[in-house]
Protein chains: 2
Amino acid sequence: MAFRQLGKYKHTIGYGISLAILLFILKWLQFRFVIIDHALEIYIGAIAVIFTALGIWLALKLARPKIETVVVEKEVYITPANDFATNDEELARLGLSKRELEVLQLIAEGLSNQEIAARLYVSLNTIKTHSSRIFEKLDVKRRTQAIEKAKRLNLIP
Amino acid sequence: MAFRQLGKYKHTIGYGISLAILLFILKWLQFRFVIIDHALEIYIGAIAVIFTALGIWLALKLARPKIETVVVEKEVYITPANDFATNDEELARLGLSKRELEVLQLIAEGLSNQEIAARLYVSLNTIKTHSSRIFEKLDVKRRTQAIEKAKRLNLIP
DNA sequence: ATACCGTTCATGCTTTCGGGTGATTTTTGC
DNA sequence: GCAAAAATCACCCGAAAGCATGAACGGTAT
């Protein structure tokens, strides 16, 4: 709108009005009193000072602030907690069967052989057999070594 | 020195000189030609414009540029791969001693009690004692459970 | 029909682990 | 200096794990 645009030239208008007023005052004084010629310098000096001030004021108002962008790096730690992916390649290479992997996981969870047997509805002997096979394929001597190696090789989470 | 100080008011001096010169020119023109009265406004207008410009120039020179700082946060994702940090809080809470933690770590590495004893230059009985104390404090029944819990609680890597 | 693999199960035996009990020595904190 | 905690060690014993050997069954490929 016309009013909106007006706001944009606010300072320019202010400047123009100041000038007009000053000229009017000067004209008025000229007609009211006989101005002595050597007083002209005084008026001009006053005008110069006033409009210099006005110019300064304008400059400060119109000057665009210099925008400086500061990038702050914020460190975000990613915990790959739920992002485990079985190393299928290694699994295939070692030749662990699905059942064997299942038993291995339960071993790593801290279950005893008897507890694993109960969990999988098989006999203790079956679990012992699977354990032996697992140790063989992983080339380890005991369950703790099997756990350590399986985690290292990303066979279990 | 006097010359050094002078540099500081460089612009002020320039402004003063401009004013003096202008007055001189005006005076000179006044004496050379009979100035028509209605032309006074023109001169004053010119003066106003010139000194406004001068003011603007002064402001830009003297005024410090306004700097507006915008802070942008950039997220940098860091995977703490080799950055295991022992959960000291949990350690203190559970009351595990330095030796006990040491033994726990070796258990998790897959060493047998006898092997740990040899590693730490102590007897098998000592390791068995430490194990029992560890299981007690972690409230677990066997080494595999101790390993699982210690890793979960970030007591060991 | 045969061979192979995975799964399950059994038995006997050995080794390792884990609990209980007790003691001594060293270190730490007040 | 003293009390408490930590570290170390011993012995006894049952539980659990691990090894060796063997067998049966079902599914799949040749």
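Each chain gets a letter, A, B and so on, in the order the sequences are listed, and its residues count up from 1.
For A/H130, no side-chain nitrogen or oxygen approaches OP1 or OP2 of C/dT7 to under 4.0 Å. Distances shorter than 4.0 Å separate some side-chain N or O of A/R143 from OP1 or OP2 on D/dG18. Regarding contacts with the backbone of C/dC17, a side-chain N or O of B/N113 is found under 4.0 angstrom from either OP1 or OP2. A sub-4.0 Å separation between OP1 or OP2 of C/dT7 and a side-chain N or O of A/R133 is absent.
Both A/T129 and A/S112 lie close to DNA chain D; mapped to their nearest nucleotides by heavy-atom distance, the more 5′-ward contact belongs to A/S112.
Summarising the geometry, the separation between CG on A/L120 and C1' on C/dC9 is reported as 15 Å, rounded to the nearest angstrom. Rounded to a whole Å, the NZ atom of B/K128 is 15 Å from the P atom of D/dA16. For A/K141 and C/dT16, the NZ to C1' distance is 14 Å, given to the nearest whole Å. One atom, CG of A/D139, and another, P of D/dC19, lie 12 Å apart when rounded to the nearest Å. In this structure, A/L124 atom CG and C/dC9 atom P are separated by 11 Å, rounded to whole Å. Summarising the geometry, the separation between CD on A/E136 and P on D/dA20 is reported as 9 Å, rounded to the nearest angstrom. Going from atom NZ of A/K98 over to atom P of C/dT8 covers 13 Å, rounded to whole Å. Between A/Q114 atom CD and D/dG18 atom P the separation is 14 Å, expressed in whole Å.
Put simply, CZ on B/R93 and NZ on B/K137 are 13.0 Å apart, with the number rounded to the nearest 0.5 Å. Residue B/I147 holds its CD1 atom at 12.5 Å from CG of B/L155, rounded to the nearest 0.5 Å. Distance check, rounded to the nearest 0.5 Å: CG of B/L104 to CD1 of B/I156 gives 4.5 Å. Between atom NE2 of residue A/H130 and atom CD1 of residue A/I127 there is a gap of 5.5 Å, rounded to the nearest 0.5 Å.
What you find for B/E100 and B/I134 is that their closest heavy atoms are O-CD1, 3.2 Å.
Counting only heavy atoms from C-beta on, B/S123 has its side chain closest to D/dC9 among D/dC9, D/dT8, D/dA17. Here the nucleotide nearest the side chain of A/V122, chosen from C/dG18, D/dA7, C/dC9, is C/dC9. Distance from the side chain of B/F135 is smallest to C/dG18 among C/dG18, C/dC9, D/dC19.
Among B/L124, B/V103, B/L106, the one residue that satisfies the side-chain contact (heavy atoms from CB on, under 4.5 Å) test with B/N113 is B/L124.
With salt bridges taken as basic N to acidic carboxylate O contacts below 4.0 Å, one links B/R142 and A/E115.
Within 4.0 Å (heavy atoms only), A/N125 reaches at least one base atom of the nucleic acid. Contacts of B/S97 with the nucleic acid, taken as non-hydrogen atoms under 4.0 Å apart, involve only primed sugar atoms and P, OP1 or OP2.
Environment of CG in A/D139: sparse, with no more than 12 heavy atoms of neighbouring residues, nucleotides or ligands closer than 6.0 Å.
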Every protein N/O within reach of nucleotides 27-30 of chain D N/O, cut-off under 3.5 Å:
none

